[in-house]
Amino acid sequence: DAKTTQPPSMDCAEGRAANLPCNHSTISGNEYVYWYRQIHSQGPQYIIHGLKNNETNEMASLIITEDRKSSTLILPHATLRDTAVYYCIGLGGSNYKLTFGKGTLLTVNP
Amino acid sequence: EAQVTQNPRYLITVTGKKLTVTCSQNMNHEYMSWYRQDPGLGLRQIYYSMNVEVTDKGDVPEGYKVSRKEKRNFPLILESPSPNQTSLYFCASGNRVNQPQHFGDGTRLSIL
C-alpha cells in the first residue's frame, strides 16, 4: 500500500473552498487514491476516489498530479458540517484493506 | 437504501461474558471487514472476509473470532472479553478495489 502523508490539521472559513493535500509518492500504478472522512466517531464516509484523472462528484473534486505522487481534495463550499477528519488512502491490486493513517482534521469556522 | 447495519450500537458488559456484535450488509458485497478505533491509534483492522467461508486475520485479531456463513452477515465474536477490548468498532463491506467501501455506524463496547 502507498504510504500517504497529510497535514495534521487545517482550518477553513465557512463558504470557502477547502483544499486538502495528500502526498503519496510511493503509490503504484494500479493503486487508486481514495478519500474518506470521519465526523466525530461516526463510521468513515466515502467521499471520492481516482486513479489518474481528476474526478468530481456531488461532494468534492479530486485533483491528482500527473506523476500521481500527490493529490488534493477540494470541498468547493465548505460548511460547518464538513468539520471532520479526512483520510487519504492508497488502495489497489487485490488488496481491499483500507489503511487509515492519522488524516487531516479539517475545522470549518463560521 | 444501501447500508451496513451493526448491532448493538452500545454495550456495557463485564469481563469474560461472551458477546457477539452483528454486522449485516444489503449490497451483496463479497468483502467484509471489522475495525476497531482507539484514541491515538486510529482505525485498525481486526479481521476480514473475501467471501463466504473465507476469513483472515487483520492487524489486531487477538481475542476476536469471526464467521462468514452467509454473504450478508459477518459477526464479530468476543469469546472472553477483557477491558483492553473496550473500543469503538466498525464493520465495512465492499465489492471491488475500484469501488468504495461502506461502513456501519459503529458499536461502542465497554468491558468492565
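So that the names make sense, note that chain A is the first sequence line, chain B the second, and so on, each numbered from 1. All values below were derived from every heavy atom in this structure, side-chain atoms included, with hydrogens, water molecules and symmetry-related copies excluded.
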Asker: With a 4.5 angstrom heavy-atom cut-off, which part of Leu88(B) approaches chain A: side chain, backbone, both or neither?
Answerer: side chain
Asker: Considering only heavy atoms, which portion of Tyr31(B) lies under 4.5 Å from any heavy atom of chain A: side chain, backbone, both, or neither?
Answerer: side chain
Asker: State whether the number of non-hydrogen atoms from other residues, nucleotides or ligands found under 6.0 Å of Lys102(A) atom NZ is greater than 12.
Answerer: no
Asker: Under a 4.5 Å cutoff for heavy-atom pairs, which residue among Gln6(B), Arg108(B), His102(B), Gln99(B) has the most contacts with chain A?
Answerer: Gln99(B)
Asker: Walk me through it: do Leu43(B) and Leu98(A) pass the test side-chain contact (heavy atoms from CB on, under 4.5 Å)?
Answerer: CA-CA 9 Å; Leu43(B) 284 143; Leu98(A) 292 167; over 6 Å; no
Asker: Should the heavy atoms of other residues, nucleotides or ligands under 6.0 Å from CZ of Arg16(A) be counted, would the total exceed 12?
Answerer: no
Asker: Side chain from CB out, backbone as N, CA, C, O: work out which of these in Gln45(A) comes under 4.5 Å of a heavy atom of chain B, or both, or neither.
Answerer: neither
Asker: Of the non-hydrogen atoms in Met10(A) and Pro21(A), which two are nearest, and what is the gap between them?
Answerer: SD-CD, 3.7 Å
Asker: Heavy-atom distances under 4.5 Å only: say whether Tyr32(A) touches chain B with side chain, backbone, both or neither.
Answerer: side chain
Asker: Going only through I, L, V, M, F, W and Y residues with side-chain contacts under 4.5 Å, is there a path from Leu76(B) to Phe74(B)?
Answerer: yes
Asker: Count I, L, V, M, F, W, Y as connected when their side-chain heavy atoms are under 4.5 Å apart, and connections chain through other members. Are Phe100(A) and Trp34(B) then in the same cluster?
Answerer: no
Asker: With only heavy atoms counted, which part of Arg44(B) is less than 4.5 Å from chain A, the side chain, the backbone, both or neither?
Answerer: neither
Asker: What part of Gln37(B) lies closer than 4.5 angstrom to a heavy atom of chain A: side chain, backbone, both or neither?
Answerer: side chain
Asker: Could you look at Asn95(B) and say if it's the side chain, the backbone, both or neither that has a heavy atom under 4.5 Å from chain A?
Answerer: backbone
